[in-house]
Amino acid sequence: MSDKELDEILNQIRNHSENEGSSTDSLINGFDKNRGDEVDKNFDILEEPAPAIHETADSVNTDILGINEKPLVSEFDRPRDNFEDEPGGKKPNDKKKKIIILAVSAIVTIAIIVGVFFGILNKKDDKTEPEKTTVEATEVISEDEELGPINPLTGETGYSKAALSQRPVAVVVENEYSTESVRPQWGINEADILLEGESEFSTRLLLFWADYNSVPKQVGPARSARPPYIRFSQLFDCVFIHAGLSHTKGNYTGADTVFESENIDHINLLKYGEDGKYFGRDTSKTSTIEHTGYLNGENVEELIKNAGIETKLDINKFTALEFNKKAKALSETKANKISFIWSDIYSSGKCPKTGKFYYVEESKKYTTNDFDSEYGTADLEFENLIFLLDETEYIVKENYKNGQSETYCDYKLTGGSGKIMSQGTSIDINWSVEGGKLVIKDKDGKAVKLNPGKSYIGYGSENHGGKVTIEE
């Protein structure tokens with residue numbers, strides 16, 4: 001190497017330090033702006049071009065589950081720095097040796113700085129799997145100092161500690177108006193929440209239990225799944241239990257497609273025997289086969305386990321309802337007698353039901369005779385009546401039954417208006433779905449607190465004449 005070449009190297013080192021403030025800052029800025037390129041050709045410090053990261057969210061998830069055999073390669077897992085030796089030439093004298101030593105020392109110092117810098121980046125960026133949030137029971141279910149855990153769906157004390165952080169279950173139950181013999185339905189008065197929404201020229205029920213070990217021995221008649229009920233259940237991260245399901249055809253998207261495309265954890269009871277262990281038949285009220293099926297609630301835990309379904313509650317998918325510690329009036333607006341119309345339009349005229357509810361002063365709860373029949377009374381009592389009006393669409397599936405068509409009511413889950421009644425009083429509300437959770441606010445935009453106890457949810461149509469009326 002000639003004296004002129006060595007002088008050029010030293011001048012470049014000196015100028016680099018003076019212009020940039022420090023070689024450390026300069027190199028870090030250079031690497032940060034263009035990590036895969038040659039940072040400074042003058043020092044022959046080269047970085048191997050970083051391989052692109054091609055993993056998707058799905059591949060990361062499958063890797064977490066242990067089914068992705070190909071290891072993920074992080075951008076900073078590959079060798080990156082290549083320090084090339086000085087090209088061969090004439091043997092330098094002592095002065096030149098000192099200069100070379102200084103130059104080499106500068107290069108080594110820079111190399112150490114670069115190494116430390118990339119060591120920091122490795123620690124920061126070498127995370128090929130998403131972080132998992134640990135869910136504590138106290139984040140979802142609060143406790144009373146004396147009475148223990150509180151049921152997250154009712155706000156009532158005395159909840160089982162064994163159910164902390166467990167997913168609820170939602171069971172589809174019959175409410176066919178043309179078949180009065182299905183009433184009173186089995187287990188209907190024991191659910192934490194009862195939702196009633198429009199289906200095909202009638203309504204259908206969805207019964208919720210926060211603790212799947214508290215489901216009664218007989219629940220039913222168990223009926224088939226419909227998309228609106230599936231999606232509403234997921235606002236509470238429920239395991240969805242049903243007997244049969246609707247199928248996609250033409251313009252209609254059935255439950256079969258929703259289960260698959262939205263990755264819903266569900267159990268179809270028709271896939272099990274009818275011996276009563278998980279699913280059975282009760283012909284004491286009717287011999288029509290579709291109105292006789294029931295879920296054996298005593299074996300739900302075993303049923304879920306055998307189905308291989310995760311039971312740990314995901315707080316990110318669960319609507320944590322807010323409750324008052326003690327029941328109190330919602331407002332000064334009296335609400336002793338309520339009627340509810342799901343819609344005023346349907347394939348053959350109107351949804352045939354108007355719900356009727358009455359406030360009982362002695363019990364401080366609401367009741368209804370809608371589910372009573374000659375076989376007995378339903379003995380229903382609700383602390384809260386919640387009426388939600390949503391956008392709906394009526395979709396006709398052609399050539400369904402013996403060449404006839406079927407009209408389904410599809411809820412969009414877009415939110416809307418509604419009312420809540422409790423303690424003989426009423427408030428107007430607006431509701432929405434945000435981040436997969438149900439949000440209920442009063443007209444002033446404040447979060448609504450329910451009173452402790454069971455709730456009835458009437459799920460109707462905002463754009464097709466659904467209406468809640470208070471009758472004095």
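Sequential numbering from 1 along the given sequence is applied to the chain's residues. Because only heavy atoms are used, hydrogens play no part in the values below, and waters and symmetry mates are left out as well, while side chains stay in. What you see is a predicted model; the values in this text were computed from it and never measured.
- Using a 4.5 Å heavy-atom threshold, the side chains of V300 and I267 count as separate.
- Side-chain contact check for V169 versus F208: every heavy-atom pair is 4.5 Å or farther apart.
- When side chains are defined from C-beta on, V360 does not count as touching Y366, because their heavy atoms never get closer than 4.5 Å.
- Between the side chains of D372 and T377, no donor N or O sits under 3.5 Å from an acceptor N or O.
- In terms of heavy-atom proximity, E398 sits nearest to K249 at O-NZ, 3.4 Å.
- You'll find the side chain of E198 stays beyond 4.5 Å of the side chain of T392, heavy atoms only.
- Between Q185 and P221, the closest heavy-atom pair is CG-CD, 3.9 Å.
- Using modelled atom types and a 3.5 Å distance limit, the side chains of D192 and T154 yield no donor-acceptor pair.
- Proximity of F240 to V172: side-chain heavy atoms (C-beta onward) are separated by under 4.5 Å at one or more points.
- One finds a salt bridge joining E174 and R223 here, because a Lys/Arg side-chain nitrogen approaches an Asp/Glu carboxylate oxygen to under 4.0 Å.
- By the 4.5 Å heavy-atom criterion applied to side chains, V439 and V433 are not counted as neighbours.
- A donor and an acceptor atom, one from each side chain of Y411 and E391, are nowhere located under 3.5 Å apart.
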Quick one, L330 with Q423, criterion side-chain contact (heavy atoms from CB on, under 4.5 Å). Give me CA distance, side-chain angles, the key distance, then yes/no. CA-CA 7 Å; L330 301 180; Q423 294 289 299; over 6 Å; no
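- Between V396 and S405 the shortest heavy-atom distance is CG1-CB, 3.7 Å.
- Side-chain atoms of S432 and E434 include a donor-acceptor pair closer than 3.5 Å.
- Of the N and O atoms on the side chains of T311 and R167, not one donor lies less than 3.5 Å from an acceptor on the other residue.
- With F357 as the fixed residue, the ring pair (Phe, Tyr, Trp, His ring centres under 6.0 Å) test singles out one of Y456, F340, F371: Y456.
- A side-chain donor-acceptor contact under 3.5 Å links S224 and R226.
- Ion pair K337/E471 flagged as a salt bridge, since at least one NZ, NE, NH1 or NH2 atom sits closer than 4.0 Å to an Asp/Glu carboxylate oxygen.
- Among residues at least two apart or in separate chains, there is no salt bridge (Lys or Arg N to Asp or Glu O under 4.0 Å) pair with a member in residues 453-470.
- Under 3.5 Å, the side chains of Y459 and E196 contain no donor-acceptor pair of N or O atoms.
- For the pair K364 and E361, the salt-bridge criterion is met [side-chain N within less than 4.0 Å of a carboxylate O].
- Looking only at atom types and distance, the side chain of Y394 has a donor-acceptor partner in the side chain of S343 under 3.5 Å away.
- The closest side-chain heavy-atom distance from M421 to V468 is below 4.5 Å.
- Every ring pair (Phe, Tyr, Trp, His ring centres under 6.0 Å) that Y252 has, sequence neighbours left out, goes to Y408.
- Taking every heavy atom of both residues into account, I341 and T354 meet most closely at CG1-OG1, 4.0 Å.
- For residues 295-309, every residue pair satisfying the side-chain hydrogen bond (donor to acceptor under 3.5 Å, both in side chains) rule, not counting sequence neighbours, is listed here: K277-E302, Y278-E302, Y278-N306.
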side-chain contact (heavy atoms from CB on, under 4.5 Å) evaluation trace for V171 with L206: CA-CA 6 Å; V171 186; L206 193 61; 5.9 Å; no
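- A donor-acceptor contact closer than 3.5 angstrom is absent between the side chains of T333 and S426.
- Note on residues 416-439: no pairs pass ring pair (Phe, Tyr, Trp, His ring centres under 6.0 Å), not counting sequence neighbours.
- Within the 4.5 Å cutoff, the side chain of D410 has heavy atoms near those of the P228 side chain.
- Among pairs with a residue in residues 419-430, those fulfilling salt bridge (Lys or Arg N to Asp or Glu O under 4.0 Å) read K419-D428, at least two apart in sequence or across chains.
- Between the side chain of K397 and the backbone N or O of H247 there is at least one donor-acceptor pair closer than 3.5 Å.
- Judged by distance alone, the side chains of N430 and S417 never bring a donor and an acceptor atom under 3.5 Å apart.
- Inspection of the K328 and N451 side chains reveals no N or O donor paired with an N or O acceptor under 3.5 Å.
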Listing, residues 230-237 side-chain donor-acceptor contacts under 3.5 Å, not counting sequence neighbours, or none:
{"from": "R231", "atom 1": "NE", "to": "E262", "atom 2": "OE2", "distance (Å)": "3.0"}
{"from": "R231", "atom 1": "NH2", "to": "E262", "atom 2": "OE2", "distance (Å)": "2.8"}
{"from": "S233", "atom 1": "OG", "to": "I230", "atom 2": "O", "distance (Å)": "2.6"}
{"from": "Q234", "atom 1": "NE2", "to": "C238", "atom 2": "O", "distance (Å)": "3.2"}
{"from": "D237", "atom 1": "OD2", "to": "D314", "atom 2": "N", "distance (Å)": "2.9"}

